[in-house]
Q: 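The structure's right below; bear with me while I get my questions together.
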Amino acid sequence: MQFEPREQFEQRQKKLEQIQALGMRAYPHEFRWSDTIADLATKFAETPSADLEANQREVRVAGRIVSLRLMGKAGFAHLQGSGKRIQIYVKKDVVGERGFELFKLLDLGDSIGVRGHLFRTKTNELTVRVEEIFFLAKALLPLPEKWHGLTDVELRYRQRYLDLIANEKSREVFVTRPRIIQELRRFLDARGYIEVETPMMHPLPGGAAARPFVTHHNTLDIDLYLRIAPELYLKRLTVGGFDRVYEINRNFRNEGISTQHNPEFTMLEFYEAYSNYRDLMDMNEQLFAELAKKITGSTVVRYGDVDLDFGKFERLSMREAIVKYWPPEAGAAPTVGELSASGGPRAITERYNAWAKSAGAPYAASKGTLSDGEWTGLLFETMAEDKLVQPTILYEFPTDISPLSKQKPDDPSVTERFEIYVAGMEIANGFSELNDPIEQERRFRAQVAQGGEEAPKQVDLDYIRALCHGMPPTAGEGIGIDRLTMLFTDSPSIRDVILFPQLRPEAPSNPEQGTKP
RNA sequence: AGGGGCGUAGCUCAGUGGUAGAGCAGCGGCCUUUUAAGCCGAAGGUCGUGGGUUCGAUCCCCACCGCCCCUACCA
């Protein structure tokens, strides 16, 4: 075992031996503390010096040394724990010869416990006057730079433990993330939802269109797919009488990696029987407003250089969004009627493309022949999606690109489906669930027939069988937790909200590194 | 996959066609209320890797590796 910086590593190993020579264990098994650093920092934040002197309080507290100032026969240090800090003051007269020898052998990064009394220094900082030091663990490697912290993004992702020690902001993100999940659970639990766990390994990938990861079960001798969505299993549960059900867990998609995509990402999916997509839209407005308020303190949330107002959502049908964001330079905007007409979406896209190519704007490139609905979806993504910065509910998605959603009764070319867009990102996707087994089978077979890398290769017949047992009218939705966390923590990349984002494995700098000792 | 950018001490960063510097961390010394402690001293580098151009390359060129951003892919 040997890591850079070698010299400091060896230096610190020697110090650990010297600490043992003082009669202390290298890796002691316990330390009984009376208060956490956070406890002390909050409980005595306002307590005046005179009070501390008059009512001597003995405290026992532990933490990691993050600053160290040794001055001959006394010294100061800061201990950090749970993101909070407290100063300690160590005086040779008080801790004794052996205690002070130990103090001199400590390094930045070491864990110690102290016993002592609280006081305030000349500058009025709350400080523990240490009477006894307990060595707890040695840091054999140095901490990142104390003032600038750790800024190298690669190191921050690869060695997140250092990022969490050194960068307060990063720590806050990963404290906020579970709070968001907690609030989501609270919101759903309060509405009678039941949380479940469905399989992560599927015999057939389904519930979304994406390339799956494949693995193999030896005993059964079958290939299994890491799930790309829990959707079909959760809907089986609504058939089984779980009228309100949700799952928060990982999905895996074998696709590109970007600031908005990680191969594994966390999704909330929930299903509510006897509701439709309109009910979910209303519920979402309430959910997002409440969430923003609880997490950030306001319904208006700063993200990058914009203020996102979760207090009011714009609602647009997909066709309306195309009309609204049609660039005036491309000629007269199409009407919703034209977009609904047979052959209309293709003609309009071609009109848009003619302008986009001449203007150097992104144009809608299609591979192969597309249906009206596919043209509509493609055109929307090309020219409108990134314009949806303020929270927007986009609804009525073409049936051709929504194989699991129920059609609109008065216009079967579109479905009762919506997505929520914020900051140009897709955050949520919900719809009235298609519960007609014959129509569902027809759509599944159409997908399989169409082929393509992301299309299912096989129809999930058990799911059709479940629908044949009768699924009540149900509305369901998925919310991307990672992207939601990005919004509420002002994080520009999904890697900033995932503790250990997927990176290419680190090449070992020497053959020994990276192997267990 | 394509385009752009970056890679210098453990960390944060300067820098130059003539083999490299600062701050922090580390080491030795002084220092009993400091707090980005201070002062004195010494040390630390295959300038991502491999080729090429050149009398000479960390710098210019090419390839590769890694990371970041944009585009593509991702209903």
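So you know, we letter chains A, B, ... as the sequences are listed, proteins then strands, and number each from 1. Bear in mind the structure is a predicted one, so any value in this text is a computation, not a measurement.
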Q: Please report the distance, rounded to the nearest Å, between CZ in A/F103 and C1' in B/U32.
A: 11 Å
Q: Considering only atom P, compute the distance from B/A14 to B/G23 and round it to an integer number of Å.
A: 16 Å
Q: Please give the nucleotide sitting opposite B/C59 as a Watson-Crick or G-U wobble pair, both distances under 3.5 Å, or none.
A: none
Q: When you compare B/C68 with B/G52, how far apart are their P atoms, in angstrom units rounded to a whole number?
A: 32 Å
Q: Under 4.0 Å, heavy atoms only, any strand: does A/L503 hit a base, just the sugar-phosphate, or nothing?
A: sugar-phosphate
Q: Is the glycosidic torsion of B/U19 within 90° of 0, making it syn, or is it anti?
A: syn
Q: Paired with B/C39 by Watson-Crick or G-U wobble geometry, both distances under 3.5 Å: which nucleotide is it?
A: B/G29
Q: Atom pairs, N/O to N/O, protein against nucleotides 20-28 of chain B, distance under 3.5 Å?
A:
{"from": "B/G23", "atom 1": "N2", "to": "A/E145", "atom 2": "OE2", "distance (Å)": "3.2"}
{"from": "B/A25", "atom 1": "OP1", "to": "A/K146", "atom 2": "NZ", "distance (Å)": "2.9"}
{"from": "B/A25", "atom 1": "N3", "to": "A/Q8", "atom 2": "NE2", "distance (Å)": "3.2"}
{"from": "B/G26", "atom 1": "O4'", "to": "A/Q8", "atom 2": "OE1", "distance (Å)": "3.3"}
{"from": "B/C27", "atom 1": "OP1", "to": "A/K15", "atom 2": "NZ", "distance (Å)": "2.4"}

Q: For the side chain of A/Q440 and the backbone of A/P403, is there at least one donor-acceptor N/O pair under 3.5 Å apart?
A: yes
Q: Hey, does A/K91 reach any base, or is it just sugar-phosphate, or nothing, if we go heavy atoms under 4.0 Å?
A: base
Q: At under 4.0 Å between heavy atoms, what does A/T259 touch on the DNA or RNA strands: base, sugar-phosphate, or nothing?
A: sugar-phosphate
Q: Considering only B/C67, B/U12, B/U32, which nucleotide approaches the side chain of A/E154 most closely?
A: B/C67
Q: Counting the atoms with a prime plus P, OP1 and OP2 as sugar-phosphate, which does A/A208 contact under 4.0 Å by heavy atoms, base, sugar-phosphate, or nothing?
A: base
Q: Got a donor-acceptor contact below 3.5 angstrom from the A/N262 side chain to the A/Q502 backbone?
A: yes
Q: When rounded to the nearest Å, what value does the distance between P atoms of B/C40 and B/G48 take?
A: 33 Å
Q: side-chain contact (heavy atoms from CB on, under 4.5 Å) with A/P142: which residues, sequence neighbours excluded?
A: A/P5, A/Q8, A/R12
Q: Charged N to carboxylate O below 4.0 Å: is that the case for A/E439 and A/R443?
A: yes
Q: Within the 4.0 Å heavy-atom criterion, would you say A/R156 contacts the bases, only the backbone, or no part of the nucleic acid?
A: nothing
Q: Without decimals, in angstroms, what is the distance between A/I65 CD1 and B/U34 C1'?
A: 15 Å
Q: Measuring only the C1' atom in each nucleotide, how far is B/A42 from B/U54? A whole number of Å is fine.
A: 38 Å
Q: Just by modelled atom types, is the A/L52 backbone N or O under 3.5 Å from a matching donor or acceptor in the A/R57 side chain?
A: no
Q: Is the phosphate of B/C69, meaning OP1 or OP2, less than 4.0 Å from a side-chain N or O of A/R495?
A: yes
Q: When you measure from the side chain of A/D152, which nucleotide among B/U12, B/A75, B/C31 comes out closest?
A: B/U12
Q: Choosing from B/U34, B/G10, B/U32, which nucleotide comes nearest the side chain of A/P5?
A: B/G10
Q: B/U71 P sits how many Å from A/E385 CD, rounded?
A: 11 Å
Q: Want to settle it: does A/G256 or A/F76 sit nearer the 5' end of RNA chain B, counting the closest nucleotide to each?
A: A/F76
Q: Name the residue from A/K235, A/K406, A/R417 that meets the salt bridge (Lys or Arg N to Asp or Glu O under 4.0 Å) definition with A/E433.
A: A/K235
Q: Could you check which nucleotide pairs with B/C64 in any of the strands shown, counting Watson-Crick or G-U wobble with both distances under 3.5 Å?
A: B/G48
Q: With rounding to the closest Å, how many angstrom separate the P atoms on B/C6 and B/A43?
A: 34 Å
Q: May I ask you to check whether A/F380 and A/Y421 place their ring centres under 6.0 Å from each other?
A: yes
Q: For a quick test of reading the model: is some side-chain N or O of A/R158 closer than 4.0 Å to OP1 or OP2 of B/C67?
A: yes
Q: Can you tell me the base-pairing partner of B/A14? Count Watson-Crick or G-U wobble geometry only, both distances below 3.5 Å, and say none if there is no partner.
A: none
Q: Output the rounded distance in Å from OH (A/Y421) to P (B/A75).
A: 10 Å
Q: Within the pair A/K122 and B/U34, is there a side-chain N or O less than 4.0 Å away from OP1 or OP2?
A: yes
Q: Does the B/U12 base have a donor-acceptor partner in the side chain of A/T151 within less than 3.5 Å?
A: no
Q: Write down the distance separating the P atoms in B/G15 and B/A9, rounded off to the nearest Å.
A: 15 Å
Q: Identify, with sequence neighbours excluded, every residue that meets ring pair (Phe, Tyr, Trp, His ring centres under 6.0 Å) alongside A/H78.
A: none
Q: Do A/D39 and A/T36 pair up side chain to side chain, a donor and an acceptor below 3.5 Å, judged on atom types alone?
A: yes
Q: In Watson-Crick or G-U wobble terms, both distances under 3.5 Å, what is the partner of B/A1?
A: B/U71
Q: Just to be sure I understand the rule, does A/G149 reach a base, reach only the sugar-phosphate, or reach nothing, if contact means heavy atoms closer than 4.0 Å?
A: sugar-phosphate
Q: Base, sugar-phosphate alone, or nothing: which one does A/D93 contact when heavy atoms must sit under 4.0 Å apart?
A: base
Q: Work out how far the C1' atom of B/G3 is from that of B/G44, and round it to whole angstrom.
A: 39 Å
Q: Would you kindly check whether a donor in the side chain of A/Q87 faces an acceptor in the base of B/U34, or vice versa, at under 3.5 angstrom?
A: yes
Q: What is the distance, rounded to the nearest whole Å, between atom CZ of A/R69 and atom P of B/U33?
A: 13 Å
Q: Angle class for the A/F252/A/F213 ring planes (parallel below 30°, perpendicular above 60°, tilted otherwise)?
A: perpendicular
Q: How is A/P362 classified with respect to the nucleic acid when contacts are heavy atoms under 4.0 Å: base, sugar-phosphate, or nothing?
A: nothing
Q: Step through the shown structure and confirm whether more than 12 heavy atoms of other residues, nucleotides or ligands are within 6.0 Å of CZ on A/R346.
A: no
Q: Need to verify one output field. Residue with the more 5' nearest nucleotide on RNA chain B, A/L155 or A/S402?
A: A/L155
Q: When rounded to the nearest Å, what value does the distance between C1' atoms of B/U34 and B/C27 take?
A: 22 Å
Q: In whole angstrom, what separates A/H78's NE2 from B/U33's C1'?
A: 12 Å
Q: With A/D152, which residues qualify under side-chain contact (heavy atoms from CB on, under 4.5 Å), at least two apart?
A: A/E154, A/L155
Q: To the nearest angstrom, how far is A/R129 atom CZ from B/U34 atom C1'?
A: 14 Å
Q: What I want to find out is whether A/R156 reaches A/D496 closely enough, with some N-O distance under 4.0 Å, to be called a salt bridge.
A: yes
Q: Under 4.0 Å between any heavy atoms, over every strand shown, what does A/G377 touch: base, sugar-phosphate, or nothing? Just pick one.
A: nothing
Q: Contact class for A/Y157 (heavy atom, under 4.0 Å): base, sugar-phosphate, or nothing?
A: sugar-phosphate
Q: Output the rounded distance in Å from CD (A/E4) to P (B/G44).
A: 14 Å
Q: Would you give me the side-chain donor-acceptor pairs under 3.5 Å for residues 90-98 of chain A, sequence neighbours excluded?
A:
{"from": "A/R98", "atom 1": "NE", "to": "A/L22", "atom 2": "O", "distance (Å)": "2.8"}
{"from": "A/R98", "atom 1": "NH2", "to": "A/L22", "atom 2": "O", "distance (Å)": "3.4"}

Q: Please list residues of residues 422-435 of chain A whose heavy atoms come under 4.0 Å from any atom in RNA chain B, ordered by number; otherwise none.
A: none
Q: Over all strands shown, is A/E125 touching base, sugar-phosphate only, or nothing at heavy-atom distances under 4.0 angstrom?
A: base
